[in-house]
Amino acid sequence: MDKLVIEGGRRLSGTVTVSGAKNACLPIIAATLLTDERSVIRNVPSLRDMATMVKILRNFNVKAHQEGDKITVEPAGYKKYTAPYDLVSTMRASICVLGPLLAKQKRAQVSFPGGCIIGPRPIDLHIKGLEALGAKIKIERGYVIADGSRMKGGHVYLGGHFGSSVLATANTLMAAVLTKGVTVIENAACEPEVADLVAFLMKMGAKIKGQGTHRLVIEGVKKLRGADHSAIPDRIEAGTYILAAAVTKGDITLKNAKMEHLLALADILMESGLSITKVPNGLRARYVKKLKPMDVTTLPYPGFPTDMQAQFMSLMAVTGGISIITEKIYPERFIHIAELGRMGANILLEGPSAIVKGVKRLSGADVMASDLRASAALVLAGLVAEGRTDVHRIYHLDRGYERIEEKLGRLGAKIRREKEK
Ligand code: EPU
């Protein structure tokens, strides 16, 4: 297993290119199962999650391969419809093959994805969406077993205790595009990744109204064709590099980053004192004055993203004054607090809120990455800490950040990957 070794205290500057969005690519690759024709997805990051998705497609006897930032899928005549435990258990997002299989094969068996380190992750909304279309679903031997032979358009309110759901919306949408009749999804997730999936489905010939809104109206069609699509840039990766500029008092230009995807985050950072400006084909994040403490609550899009909560905590840890961060999507997503504490951060957890008292300095330490975004938070903390930080178990990072040590290295960070002894 690898670890990252960071010598902190360097100011980062220069240009970084933002990769394609992992969370847009995953459901889009699953959507290629809706046709027999060849599809090409471009701007795909080279990440472990993409390799897992390719493996899942191959498990259905679908031809799929990644070459650079392009994934080509040729599903012609595939018949299999089971996504087994050993594949699904390595990546929760595998659940997004459920909708396409059900629409195309009229049945699906997908291993129940279970919870993960960021807390329980139920799939009741996925089931609610598919049942509204008439699918018969049971859970047996750890599998979601779905029969879609009698599906027809339906009307569903897809909201739960924590609001809308990205992948439940994706699954219901992908099931509906090939299902006879009109389907209406109320309280659909409107994250840019869902809008990008809608864009891909429309290129395949799907009839969808309401792209990027909370109400999607889908008129089922008989057949879809293959499509060629370039995924949107990764707003979470972009946000993480913006924070790298903020914590290191640096000046980073983010090629491909889109302000319209980052409004909540940019608003809070600019209020705090960071300069974020649009530049041709990207954004520039620049430390210009002492930052003020922040008060952040995670919410569904266009609110502040839960996938940036951990990284913000690292910035708050070194920002003078008291900052508060409240997690409303995954109330247990706080494992990183203990690790940041090892580096000298002063953070108190009070229910779903973390109260962060900014300290003058963090000190490098051995820390353990617990999940993808928590790992990024530890890297940011390592960049600003005095001395050496070893971030262990970085296989999580490799699921979601393309060549992070190379990108940070080019910006001036002293960072290297090492094999654990
Ligand atoms: N929820 C339910 N029932 C469901 C589904 C979700 O109650 O059936 C709840 C969840 O427990 C959570 C909330 O609804 O409290 C939102 O979860 P959502 O379903 O939107 O999450 P997801 O679709 O499983 C995607 C991203 C996550 C990101 C969340 C929230 C992908 C592949 N994953 O997950 O990304 O945190 O949306 O924005 O798109 C990451 O990239 O590190 C990551 C975890």
Side-chain angles (χ1 to χ4, degrees), residues 19-31 45 47-50 52-53 56 88 90-99 110 112-132 137 139 144 156-174 187-197 214 231-232 234-240 261 264-265 298-311 327-333 335-336 352 369-377 396-402:
S19 301
K22 161 181 96 74
N23 290 349
C25 291
L26 290 171
I28 287 175
I29 297 168
L47 295 173
R48 204 153 55 87
D49 274 8
M50 297 304 131
T52 306
M53 203 63 191
I56 289 173
V88 176
T90 62
M91 185 180 73
R92 205 188 170 278
S94 330
I95 188 73
C96 64
V97 297
L98 182 58
V110 180
F112 198 97
C116 66
I117 193 79
I118 65 176
R121 302 196 50 192
I123 58 162
D124 55 312
L125 295 175
H126 299 244
I127 294 174
K128 182 179 180 187
L130 298 174
E131 283 183 341
I137 298 184
I139 312 287
V144 182
V156 62
Y157 177 85
L158 216 48
H161 192 60
F162 298 100
S164 56
S165 158
V166 173
L167 291 180
T169 301
N171 259 332
T172 310
L173 171 64
M174 290 189 280
N187 199 28
C190 62
E191 270 70 2
E193 294 76 17
V194 178
D196 205 30
L197 171 65
H214 284 303
I232 54 169
D234 196 312
R235 62 193 168 103
I236 305 302
E237 189 198 23
T240 304
H261 292 169
L265 183 149
T298 66
L299 289 168
Y301 190 82
F304 181 87
T306 172
D307 289 343
M308 284 301 301
Q309 180 257 107
Q311 302 92 312
E327 177 55 69
K328 292 241 174 161
I329 309 289
Y330 298 113
E332 294 175 28
R333 196 178 203 177
I335 312 272
H336 41 282
S370 56
D371 76 85
L372 170 55
R373 307 304 171 187
S375 316
H396 293 292
L397 260 183
D398 294 334
R399 284 192 38 225
Y401 288 88
E402 192 177 36

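Each ligand, and each atom within it, is numbered from 1 in the order the structure gives. Counting from 1, the numbers follow the sequence of the chain as shown.
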[X]: numbered ligand 1 atoms lying under 4.0 Å from its heavy atoms:
X      : answer
Ile329 : 12 (C), 13 (C), 15 (O), 16 (C)
Lys22  : 40 (C), 41 (O)
Thr306 : 30 (C), 36 (O), 38 (O)
Leu372 : 42 (O)
His126 : 8 (O)
Leu167 : 23 (O), 24 (O), 32 (C)
Arg333 : 36 (O), 42 (O), 44 (C)
Ala93  : 32 (C)

Region of Val166 engaging ligand 1 - heavy atom pairs below 4.0 Å: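 Looking at Val166 and ligand 1, atoms from backbone and side chain both fall under 4.0 Å.
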Region of Arg373 engaging ligand 1 - heavy atom pairs below 4.0 Å: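 Answer for Arg373: side chain.
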Residues that Phe304 engages under ring pair (Phe, Tyr, Trp, His ring centres under 6.0 Å), provided they are two or more places apart: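 Scan of Phe304 (ring pair (Phe, Tyr, Trp, His ring centres under 6.0 Å), adjacent residues dropped) gives Phe312.
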So between [options], whose heavy atom ends up nearest [atom]?
atom                    : options                       : answer
atom 6 (C) of ligand 1  : Ser164, Gly129, Ser165, Ser94 : Ser165
atom 34 (O) of ligand 1 : His161, Arg121, Arg92         : Arg121
atom 1 (N) of ligand 1  : Pro122, Pro113, Gly160        : Pro122

Pairs where residues 158-169 contributes a residue and the test salt bridge (Lys or Arg N to Asp or Glu O under 4.0 Å) is met, not counting sequence neighbours: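 Salt bridge (Lys or Arg N to Asp or Glu O under 4.0 Å) check on residues 158-169 returns no pairs.
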Side chain to side chain, Lys22 and Glu237, heavy atoms closer than 4.5 Å: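 No. Closest side-chain heavy atoms not under 4.5 Å.
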